[in-house]
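Nothing here was measured: the structure is a model prediction, and the numbers come from that model.
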Amino acid sequence: MEVKLISSKSHEHAKKKLSSMYQDNFTPAEKKEYIPAHNFSQGPYFAMETDKEGHPEYLLDAASQIATLGLGFNATPLFGTLMHQSAWTGNYQDSTFLEIAHSFEKLLQSKASNKKLKAVYVNSGAEANETALIMAYKSRYNKDAKKIMAFEGSFHGRFLSTLFSTWNPSKREPYQIPGHETTFIKYPETKSDNFILELDNEWLKLWENPYAKDFDTKLDKFKSNADDLLKSEIDSLEELKQAFQSGEHFAILVEPMQCEGGDRYSTNRFHNALNLLAKSYKVAVIYDEVQTGFHLGLDFFWHRTFNLKDSQGKQLNPEFITCAKKAQSGIVLTENPLWLNNEFQTSSVIRGYYQAIALDQNRLKIKEIQDYTKEKLSKLVSEWEQLSAPRCFGLAFAFDLSNKDDIPAFIKNRFDLGLLYYQAGENTLRFRLNTAWTFTDIDYLFNAIDEIAKRVYKGEHNQIEFKTKKEVNIQNEYKWHEQLIKSLQGKLDTKEAKSFSNEFFKDTFNATLIDIDKDNFKKYKGQIEEIQKAIYEPTRQTEIEKFEKIAKCDDSLAIGLLSEDEELIGISFAGKISHFPHESGLRLLKHFNNPKALYMLDTTIVKKRQTNGMGKYLKYALSTIAASSGFEYIYGRNRDIHAGAMLSINCSLGAIIETILEENYLDDVDFRDVIIYRQNLKWNNENVKLSSSPILNTPSFNDMGTLVNKVCLSNFIDESFMSNMKHFKAIAPKELQHFFSASGHSECVDKIYKSILIKNGKKRTKVLSLDNDYFGKQSFMSATLSGKIDFYPNAKAQSLADLKEELDKGEYLALFIGDRLEEFSTQELIEIIEYSHKNATKVVFNESVYFHKNKKMLSAENGITPDASYIHFGGQIGLCMLKDEVYESKPLMMISTWDGDAYALAQAYQYLTSNTPKKEFKCFEDISYEFGLKAPSDFGNSGKWFFTC
């Protein structure tokens, strides 16, 4: 399908559909006026619906969904998410998911060069930062420290504490709780992308011993020869030192490159000193890599580019690293987590795992994209005196406008040229590319920016040619994965698998799929040898005897593709793994002795036919046939970087990295490690043994597109999401018809609190809840309400009488009631609401448990109307429902990047409408389980309900 950029057709189509979402102020009118068509998006091209079904138009997304897509839309590796049953069900105890989570953690340890790190999976970037802050607070050295530090220009998310640590006053001040202000330090920005400087060891010695009597004397020596950049760094570090000396701060949030603040770079010199200084005063450093992590830069983690070290050359590690966006899930990395059993979405963790693997394999390509983009950027800025400060590192680039008042015109013109990009800071335009961008795509992007500059500065209006070599054929990927899933479920037999495969190759490539066996191997032997010699360097060529062993073995699979003139143009051979005991590393594998385990010897296509994914589809065919024939696993080996494209294909088949053999190739070519992976060929159908959410194991198989592509719901929502939101509106009380979506339990709490706070004019800030009630624990406010910490202004009550006594004080903004709702009668709840209102206090219900048990809302079923209510369904979705008087409808006030997860909402609706009988609700009773640690008694479950997934 040809790529056509967006026009008024897709815009008018979207406006009409979105109007129904905004009717009666159902939800804030803040979405971009386009409707995604996920199953047609590809690479950098974001498909949008038109009024003609199956004929989308495209945005060239130069923001990569605000840096969440490192590989582009519908990237091949991300289809691997579909191959795991736990992605569909949310079953975090599934044995395969546990392996993936462990493998993911190992990869992250490797990229951070710290084997001690543990991965704590959460729901979003803001939640990751709040979780890291809470852990830092709970384990702080100075028990009197209660303040957070951050930098001017920072952005850390829209939960309360992360919002208070975000510099932009328009975002922060409307919600600021007095007494909880963050200390902001000047950020020593450099406008250059050459931010790695040669370090003087005396500089490191200075900052690792700030208590020294001669500290000021030594610092003066650096000041005496300082340029403007070094002066700004010293000023910032002296501010830090003074703040640290006060003993008031338990953590400092740091972005290694400030993104939302305007793509503001800082040097390795500054970051080395910052970390040494913080360690001297025992203040936790949290590197916020939510946007910069996962290869926005040339290193997997941006802060690793700084080569943090002390004066002895020992690596410095921050206490916490937080990730999200390209990680697809929120992640906190730390050596000593206080807990691991968190709320998260299994599909997002799996998707993040595959994006991490593929991005790591694309690190050379990222450098190529950077170098080409730098040339184009330098040329653009040199031709316009109104543009300045070009900076480009990895997949990120930006430039400044001399007049910030010109920004709106640059934003307004983007859609007319089929582009998506954003402002950052006051006068910066920032861009986020991904590995799917070709040089042709980059050429068009810069031609389009140049045309916009002509419109803004010269009043010209020209048409520029759009052309791309790409055609969208992503539908084939979905067709194959439908078959692959059927085979994993045991719903496809061998005959059906071969029939589908043969028809596909006939229709798509005019090629014939054949079996290669003992009867015809001799016929194709010579062609197989020629294919090997033509494709691989000598060290990667496979001996013909190994191919012959597979062809002549009944417990193996070998298929080939013949051209119309019966030339062998492709092969795929997988043999019984125990037949290959001398292949390096195979004896160490988990299923080496399993007679139903295969070893992937080779899949290769001749060079002249290496187009349109023929090799990938041949590998899909072999996997489909293997699964439908009763095989259980396929193992394979891929050389680091050199076989990165093949590893991406294997990821799309659900590959799990089982081991990495270092320096396994005995040659002088770079990248000699070997990655050994395993594909599982059947689902285990493991039920959740202990769960607070019966939604788990309720898959929604009609939502493949949203399971593969996680887009920013803050910007774009599709028809499925709109429809599912409206379905839940129908079960809510008629008074609670204003909705926010959220990424998790704690975000529901923070969004409702913020909305009530701002509508109340901030006259009160204090909250009230019941002892032993639960509202999440992954934000300071939710943990405060749950009684896990005492951070924000709050009080607790044990009984109805206690509640009334507290309410009589007339100082509470809101009363939150959760699990303990069912302890009160309908009449008592009505009385509580009336008594609260008499004292100008709003009432919020957490109806999550009730919904999971009954598929209904307690408030609607019993005719009880609180001021706001919420349900956390599990995974990355919760819905907040509010009365008109506490609903903040102004666009962008309650927004977060993800605002939930489209697949998780579809799964929740699937549960709501399913015929699955109601499940008896089970509580956690301080039972440890495989994926996680037993939480400390002061912060764990303590016999109470704990919503995990």
Side-chain angles (χ1 to χ4, degrees), residues 76 79 473 476-477 479-481 483-484 487 494 497-537 540-553 556-575 598-629 631 634-639 642-653 655 679:
T76 292
F79 278 84
N473 58 359
N476 287 336
E477 199 81 32
K479 288 177 185 176
W480 271 108
H481 276 81
Q483 300 303 310
L484 284 160
S487 68
T494 307
K498 287 186 176 181
S499 176
F500 173 84
S501 301
N502 206 16
E503 285 181 26
F504 176 84
F505 286 110
K506 275 286 187 188
D507 294 342
T508 309
F509 300 107
N510 196 22
T512 303
L513 187 74
I514 62 166
D515 290 321
I516 298 177
D517 54 28
K518 58 188 177 185
D519 296 325
N520 62 7
F521 179 77
K522 189 174 181 180
K523 177 180 178 180
Y524 298 112
K525 179 178 178 180
Q527 293 183 65
I528 293 170
E529 289 179 298
E530 290 303 315
I531 290 172
Q532 283 282 302
K533 290 176 183 176
I535 300 298
Y536 299 118
E537 68 270 20
R540 290 177 64 210
Q541 290 174 19
T542 302
E543 300 93 328
I544 193 64
E545 291 78 15
K546 294 180 179 177
F547 289 102
E548 187 168 7
K549 180 185 287 187
I550 289 175
K552 294 182 176 181
C553 175
S556 300
L557 282 177
I559 56 177
L561 283 177
L562 298 180
S563 66
E564 51 273 23
D565 56 3
E566 298 200 349
E567 174 193 0
L568 189 65
I569 56 174
I571 54 171
S572 188
F573 279 66
L598 298 172
Y599 171 60
M600 193 70 222
L601 187 68
D602 188 35
T603 298
T604 307
I605 303 293
V606 297
K607 280 188 177 179
K608 62 183 178 181
R609 300 297 291 266
Q610 288 181 356
T611 57
N612 298 319
M614 182 185 282
K616 174 171 67 176
Y617 299 133
L618 185 58
K619 185 75 184 287
Y620 288 177
L622 184 132
S623 296
T624 307
I625 294 167
S628 62
S629 300
F631 291 100
I634 295 178
Y635 279 96
R637 291 162 41 101
N638 290 136
R639 184 169 181 168
H642 296 282
M646 184 55 75
L647 183 57
S648 288
I649 293 170
N650 293 326
C651 285
S652 74
L653 287 162
Q679 288 173 239

Give the table of side-chain donor-acceptor pairs shorter than 3.5 Å for residues 529-536, with sequence neighbours excluded, one pair per line with atom names and distance.
{"from": "Gln532", "atom 1": "OE1", "to": "Thr542", "atom 2": "N", "distance (Å)": "2.6"}
{"from": "Gln532", "atom 1": "NE2", "to": "Asp602", "atom 2": "OD2", "distance (Å)": "2.6"}
{"from": "Tyr536", "atom 1": "OH", "to": "Asp602", "atom 2": "OD1", "distance (Å)": "2.7"}
{"from": "Tyr536", "atom 1": "OH", "to": "Thr604", "atom 2": "OG1", "distance (Å)": "2.8"}

[X] vs [Y] side-chain heavy atoms within contact, under 4.5 Å:
{"X": "Leu562", "Y": "Tyr524", "answer": "yes"}
{"X": "Phe573", "Y": "Thr603", "answer": "no"}
{"X": "Ile514", "Y": "Ile559", "answer": "no"}
{"X": "Asn638", "Y": "Asn650", "answer": "yes"}
{"X": "Gln483", "Y": "Ser501", "answer": "no"}
{"X": "Leu557", "Y": "Ile625", "answer": "yes"}

Leu601 backbone acceptor or donor facing Arg637 side chain under 3.5 Å
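No, the answer is negative, given that no donor and acceptor are paired below the 3.5 Å cut-off.
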Among residues two or more places apart or on two chains, list those pairs meeting salt bridge (charged side-chain N to carboxylate O under 4.0 Å, His left out) that have a residue in residues 610-624.
Glu477-Lys616
Kindly determine whether Thr76 and Ser648 satisfy side-chain hydrogen bond (donor to acceptor under 3.5 Å, both in side chains), including the steps that lead there.
CA-CA 7 Å; Thr76 292; Ser648 288; over 6 Å; no
Yes or no on ring pair (Phe, Tyr, Trp, His ring centres under 6.0 Å) for Tyr599 and Tyr635, after CA distance, side-chain angles and deciding distance?
CA-CA 5 Å; Tyr599 171 60; Tyr635 279 96; 8.4 Å; no
Taking only residues two or more places apart in sequence, or in another chain, which ones meet [X] in a ring pair (Phe, Tyr, Trp, His ring centres under 6.0 Å)?
{"X": "His481", "value": "Phe79, Tyr620"}
{"X": "Phe504", "value": "Trp480, Tyr617"}
{"X": "Phe631", "value": "none"}

Report the C-alpha distance between Glu545 and Lys549 in whole Å, list the side-chain angles of each, state the deciding distance to 0.1 Å, and finish with yes or no for salt bridge (charged side-chain N to carboxylate O under 4.0 Å, His left out).
CA-CA 6 Å; Glu545 291 78 15; Lys549 180 185 287 187; over 6 Å; no
Please list all pairs passing the side chain to side chain donor-acceptor pair (under 3.5 Å) test where one or both residues lie in residues 506-519, with sequence neighbours left out.
Lys498-Asp515, Lys506-Thr512
Yes or no on side chain to side chain contact (heavy atoms under 4.5 Å, CB included) for Ile634 and Leu653, after CA distance, side-chain angles and deciding distance?
CA-CA 10 Å; Ile634 295 178; Leu653 287 162; over 6 Å; no
Let me see the working for Glu567 and Lys608 under salt bridge (charged side-chain N to carboxylate O under 4.0 Å, His left out), right down to the final yes or no.
CA-CA 12 Å; Glu567 174 193 0; Lys608 62 183 178 181; 3.3 Å; yes
CD of Glu564: more than 12 outside heavy atoms within 6.0 angstrom?
yes
